Structure formats: structure tokens, C-alpha cells
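Worksheet: one structure, shown below.
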Amino acid sequence: MASHSDTLVVFFGATAGANGGKLGSDEREIILLVWQIVDLHEKKVGKLHSYYVKPDSLELTDQCKEETGLTVEDIIKAEPLDKVLQQFQQSVSSEVKSLGRSSFTLLVNSPLVIRQVLHPEASKKNLVLPECFFSFVDLRKEFHKCCPNAGPAQKQTLVSMLEYVGLPAASEQLTGVKEVRSMVQLTLCILAEPYCHKFTCVETVNYKFDSGACCKTEPVDSETVIRARGLPWQSSDQDIARFFKGLNIAKGGVALCLNAQGRRNGEALVRFIDSEHRDLALERHKHHMGCRYIEVYKATGEEFLKIAGGTSNEVAQFLSKENQVIIRMRGLPFTATSQEVLSFLGPESPVTDGAEGLLFVKYPDGRPTGDAFVLFSCEEYVQNALKKHKQILGKRYIELFRSTAAEVQQVLNRYMSTPLISTLPASPIVPVLASQPFLPAATSTRDCVRLRGLPYTAGIEDILEFMGEHTVDIKPHGVHMVLNQQGRPSGDAFIQMKSADRAFMVAQKCHKKTMKDRYVEVFQCSTEEMSIVLMGGTLNRSGLSPPPCKLPCLSPPTAYAAFPTSPAILSEAAFYQPPLLAAPRHPQTTVASPAHTLAYYPPQPHLYMNMNMNYTAYYPSPPVSPSTVGYFAAPPGAVAAAVAASPHPGAASTVLSQPGALVRMQGLPYNTGVKDILSFFQGYQLQPDAVVILYNFSGQCSAGPPDPLSLMASSPCCSV
């Protein structure tokens, strides 16, 4: 602590790139270190030391040459950073000892040289910095404390502070020497009367990142959170903390984001101890982690809590152990026990507290998911455990990854919030009439445009901005983002315009315009072509290829073929059904038990056309759930009124006369047959031909993505 230190070491550094207020923002290496000792008791100064540092890349920017006056010839014969730091440690220790003092603290004019330059560079070069570089005193903050009327500390410069106390700036011309002498003059001035200042505000740099749990009720300041994007998928919280080395991350402040499949998506939310450190983190935008550059943006506390927050007592107890390293195991057999997992890891990687150091991830009904988290007490055990990556347990290979407390919370939150079977509303419901169909009517009118080559990060707002003045000519719900089979952007989009002339104008004016540094191709096309592509077909220079349809068995089951769907009545919820789910049926009523009125699903012939159908997203409606959007609870009279108002009353009455419900089954074995499913539902009343099994193009049951689907028509009183 400076309050207990006998001496201050006035310290200055310069890099081969930007200096001053942008020091460290361009990842350039240190090329100059200057320091001088100040004896706090005797108010004396020691010898001034100036050392050039040889960087790995012998290249100086024009800005550096202009500001520092240095050239490549000045630094080419210098020592590398590790040697200069050794000389610094030896020189300062020897001089402090000769003065009869026992300790010292660094004094800098800005924390940038410590936080944004020395620590990041040492981390990249795997250098161990001397302990003195983990604490320092900021001269600007001390001056603001001594002279509060001088203005905010962040706006202070050496010149302005010297002017405030009536001192002239140092006359030296050499960069570094001038700054250090000016800092020494200012320090001696505020140490003497009438100020008699004491240096007590010591800032520290964390030695390591501390993992921990975060509660959803914990307040998180949005001014302390950033989003890092472009991370390697295998990066851990320690890797992210190393990327932000020099900045203090809050305990448990790294939350790795997962995609819909539960895998890391290359993003993380990071929470710092205060807004100052967050602002310094934003300066590392597009700095590198290995060969990848990392994008850094502002985020909110709500986003952080959504990813890292948790409420489970089991998870809180699991994460309550301090200084533990977490490993995630994926692909475990569903029958795997704690003892089998411990035996798999072996004695060379003992788990903390044995079975209590294991956390199996389960569904709400207690079924295992095949995931587990394991605690280890040290890095050595973790390295031994990671050697088991893709080794066999039972008949399955197991994947092992480094994990974080936030990932534990996120995975548990995801699985525990997954409903087993969607519950159907107990009260009668009335469908909301939608103005747009799931897929537009196929016509040969060329009133659409296709955008090809979109950035994968582009959203609806980016497309609207790209369209510019032509946005007003887009039909309602006319923007269709095409996603691939993994649910990720494919780089294509279709837009429905109000007329063919408008579509032609957009294709002419927007073709090969740039969006986020990429040029985008714009072609005029017809609604028919758009529909076929959205259904899984291809549209390229060689012509139009319809979607593959090799499975005639995928037609709707005969039990439902008698229920025609009214084209005029289609719930808006159907817009966002997964491609293998049908749209909601019309509500039904029964005379015998009106309390069991259900909403179930009719066949949509085009939905069964293709197993390879692309997911689509529509503007401006947000993604919704068929059980929560598009329906309103209504008394029985309202249902009767809705049926009477239907443009196809015959069809509506036919639908309402049929009892039944739809059940979707996921995770079926690949050799599952109809008899197996009928045996599974033994004891329930099934309609004829009530089971449909979806097969992939190889003729196998598609137990993996896309999910298999089983349709079961049962009596309303039946519960599954």
C-alpha cells in the first residue's frame, strides 16, 4: 500500500503505436520505459532511468515516430521486455535499499500503461510480471483528491495540473524523460506545504479470475457489462479473463453464451467491478485471442443475469465451493452413475468431495440429459481429466470441456425450463384470423427480390436500412430470413414488394450495395420461386430445383385427412411452427364433456412435402408459441359464434366433431417401428393410422435433428 510505502517509483511507458489517451488500444508493444524514485520521507529524488525495449515486430507507426521521436535504429539493439523488467526490478530494489527504505509503489499518470499495455503484453508473451506491477497509484486521482476544485480527474493532464499549482513544465525534449520529470515536480509540490498530501488511493490488478455463482435477484449495473463476440468455441472463462488481463472482472463475472442446441456460440458476457474497467475493456475491441480478433460491445445487466443468473439451490450448493475448476461432460449414457463417472475419470484426476463434486443435468421429470459438471481442486487434475476427451464410457464416447459457473446456471436453466409436453388450455378458445398465410400464394408475378450474400450477423433492421427509401414498398410480413438446417443464417433473404415494378427498381438500385463491408446481390424473382426456396429447393444460375421429396409416406395420416383446413382461418402462431409441426387446428367442442375442449393440429400438406424444409423468420411479428399467441380464452358462446362465422361451416363442424390431441415424441431409437409406439401407448384410445414416423433420406428413423414426430389422436379425457 502506498500509505505504508517508503518510496514512490514514478513510471512511464510508450508503445510502437498509439500513445497518450489511446495507449494500448492498438495492441502495439512497449518500446520505452522510464522511471525515477521519490523518497516520501526525505522528499528527495533518485536517478532517472530510461530504457529502450525491443519489440517482436520492429515496426513503428508514423504517429509513434512523430510523438516519441524514436526510430527503428534506436530500438533494434535494445533488450526484450523480459530482460528490461529484470533490470527494472534489480535497479529499483537496489536503489530503495541504498536509501534505507523497505518498500515502494508505482506512480503513473494514467492506469493505461499498467492495465492496457504491460499486463496484456506480458500475458501474450507468457511473462510473469514482478509483484510491484499489481498495485499502483494514479497521479491524476491523487491530484483530484488533493485539489478537488481543479476539475474531474479524467480530464486532467500533466500540463493542466502543473498550471494549477503554478509550476512550469519540464524543459527536456526527450519523450518519457519530460513526462517523468514533470510528474516528479508535481509529486514533490503536493507533498510539501500547503498541500501536505498523502498518497493513499492504491489501485490493484487481480492476480487471477475468481469463478462463482450469480443469483437472479442480484443487482447488476449495466455500466459494468460487455459482450465479447468471436471467441473460439473451446475458450473457457480463464481464457476470457486472460484476454482482459489487467482489468478486474467481478467474481463469477464471465458468462459463456450457448446456442439453441446447448453449445457455445462464440459469445460471452463479462461483468467488471466498475464502469471505468468496462470502458477500458471496450478499448480492446478487435484485439486478438490467438489468431482470432474479438469484438467487444456494451451489454446490459439484464442480459448478464439472463445468462449467468440462477435460482436452483442444488446449483448454488454445487458452486459454493471456492477456488474450484469446472469441467463439463457431454454424451454420458443415460444410465451412468456417479461411481461410473468417478471410475472413468480415474485416480489421477480426483473429483472434489467425490460424488458431491458431480452435478448431473436432468429434465424436470428427472430424466438424465447426458450432461454433467465436475469440480476439481487444481489445474493438474483438470489437465488429467481433459486427456479423457472422447474416450469410451459404456458404449459412448464422452466429450470433456472446461466450463464456468455461469454455464452451469445456463444449462440448468435451459433444461429445467423445458416443458415435457405442451399443456393445452382448459377453457374454450377462439383462433385469431391472420392476415398473412404461412407461405405466400405461389404466383409467377415477379414482385419479390432475393438478397444473396448477407453477412451472417445481419438482422431485419440491417435489411431495412440496406433497402433505404424502398422500405415503404415492402408488403406487411414481407421480409423472409432464410436459415439453414442448424437454425443459423444462410446469407439469403426474400422480400415481397408491393408490385413487380417496385421489385425491378430495388434490384436495379440495390444490387451489389454493401452491408457491413460485404456486397449483397439483389435479384428479382417470383413468389413461386421464393416459396420453393423457402420449402428447401434451390435457386441458382442454372435454374430452379424443387425441394427433394423422396418420402411418399410423409403425407398426412388418414385419420386427419378428413379435416380440411380453411385457408381463411389460420392462426398467426402457425407462422413460427418448426417445419415438421402442423399448424393449430380449429377449436373443438363436445357435448358430453365441454370442460375438456382442446386445441389440436390439422394437416398442412405443404408442411409434409420436405424433410429438408428451411426455417424462416418473418417481419415484423416476433417468434411466438402456438400455445400462448394467437388465441384468446372465450366462453362457450363465443366458440359457437366463431364456428357460425366461419366461411366454411361444413369444414368447421367436421373439425369440431372430432376429438383428439397431438403428441410429439423426441429421442426415439433409430429402429423404432409403429408397433413399438403403439405398445408404448398401450391402454390409451388411439384412432386408426394415428402414428406417423418421420424418416430421413436414408430411410432411417430421424431420431436426431430434425426431430421425429408421432401424431396420436385420443379421447379428450386421455392424458399422456
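For the numbers below, each heavy atom of this structure counts, side chains included, while hydrogens, waters and symmetry mates do not. All residue numbers refer to positions in the sequence shown, counting from 1. If you're wondering where the values come from, they're calculated on a predicted model, not measured in any experiment.
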- Apply side-chain hydrogen bond (donor to acceptor under 3.5 Å, both in side chains) to Glu276 and list each qualifying residue two or more places apart in sequence or on a separate chain.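 So Glu276 forms a side-chain hydrogen bond (donor to acceptor under 3.5 Å, both in side chains) with Lys141.
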- Which residues satisfy the side-chain hydrogen bond (donor to acceptor under 3.5 Å, both in side chains) test with Lys306, sequence neighbours excluded?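 Applying side-chain hydrogen bond (donor to acceptor under 3.5 Å, both in side chains) to Lys306 gives none.
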- Item | salt bridge (charged side-chain N to carboxylate O under 4.0 Å, His left out) contacts touching residues 490-500 (sequence neighbours left out) |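 Those involving residues 490-500 are Arg450-Asp492.
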So, [X] and [Y], do they make that salt bridge, N to O below 4.0 Å?
X: Glu223; Y: Arg278; value: yes
X: Lys512; Y: Glu521; value: no
X: Arg264; Y: Glu407; value: yes
X: Arg227; Y: Glu267; value: yes

- With sequence neighbours excluded, residues passing ring pair (Phe, Tyr, Trp, His ring centres under 6.0 Å) with His285: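 Applying ring pair (Phe, Tyr, Trp, His ring centres under 6.0 Å) to His285 gives Tyr297.
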- What residues form a ring pair (Phe, Tyr, Trp, His ring centres under 6.0 Å) with Phe401, not counting sequence neighbours?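 For Phe401, the residues satisfying ring pair (Phe, Tyr, Trp, His ring centres under 6.0 Å) (neighbours in sequence not counted) are Trp233, His389.
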- Item | Over-ring placement of Lys513 relative to Phe466, 6.0 Å and 45° cut-offs |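 Output yes; distance and angle both within limits.
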Test your reading of the model: is there a side-chain donor-acceptor pair from [X] to the backbone of [Y], 3.5 Å cut-off?
X: Glu283; Y: Leu23; value: no
X: Asn19; Y: Gly17; value: yes
X: Thr15; Y: Ala18; value: yes

- Message: So which atom in Leu400 and which in Ile327 form the shortest heavy-atom distance, rounded to 0.1 Å?
- Response: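 Looking at all heavy atoms of both residues, the closest pair is CD2-CG2, 4.0 Å.
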- His287 and Ile294: side-chain contact (heavy atoms from CB on, under 4.5 Å), yes or no, with the steps? CA-CA 6 Å; His287 282 203; Ile294 309 301; over 6 Å; no
- Flag the pair Phe244 / Ile226 as yes when at least one side-chain heavy-atom distance between them is below 4.5 Å, and no otherwise.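 A side-chain contact under 4.5 Å exists here.
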- Item | salt bridge (charged side-chain N to carboxylate O under 4.0 Å, His left out) partners for Arg284, two or more places apart |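 Arg284: no salt bridge (charged side-chain N to carboxylate O under 4.0 Å, His left out) contacts found.
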- Message: Is it the case that the side chains of Asp221 and Thr224 hold a donor-acceptor pair, with the cut-off being a distance below 3.5 Å and no angle test?
- Response: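 No pair is found: no donor N or O on one side chain lies under 3.5 Å from an acceptor on the other.
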- Item | Distance-only donor-acceptor check, side chains Arg242 and Ser123, under 3.5 Å |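 There is such a pair between these side chains.
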- How are the rings of His511 and Phe523 set relative to one another: parallel (under 30°), tilted (30 to 60°) or perpendicular (over 60°)?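 Answer is tilted, since the angle falls between 30° and 60°.
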- Task: List the steps, then state whether side-chain hydrogen bond (donor to acceptor under 3.5 Å, both in side chains) holds for Thr527 with Asp447.
- Result: CA-CA 7 Å; Thr527 311; Asp447 57 352; 3.0 Å; yes
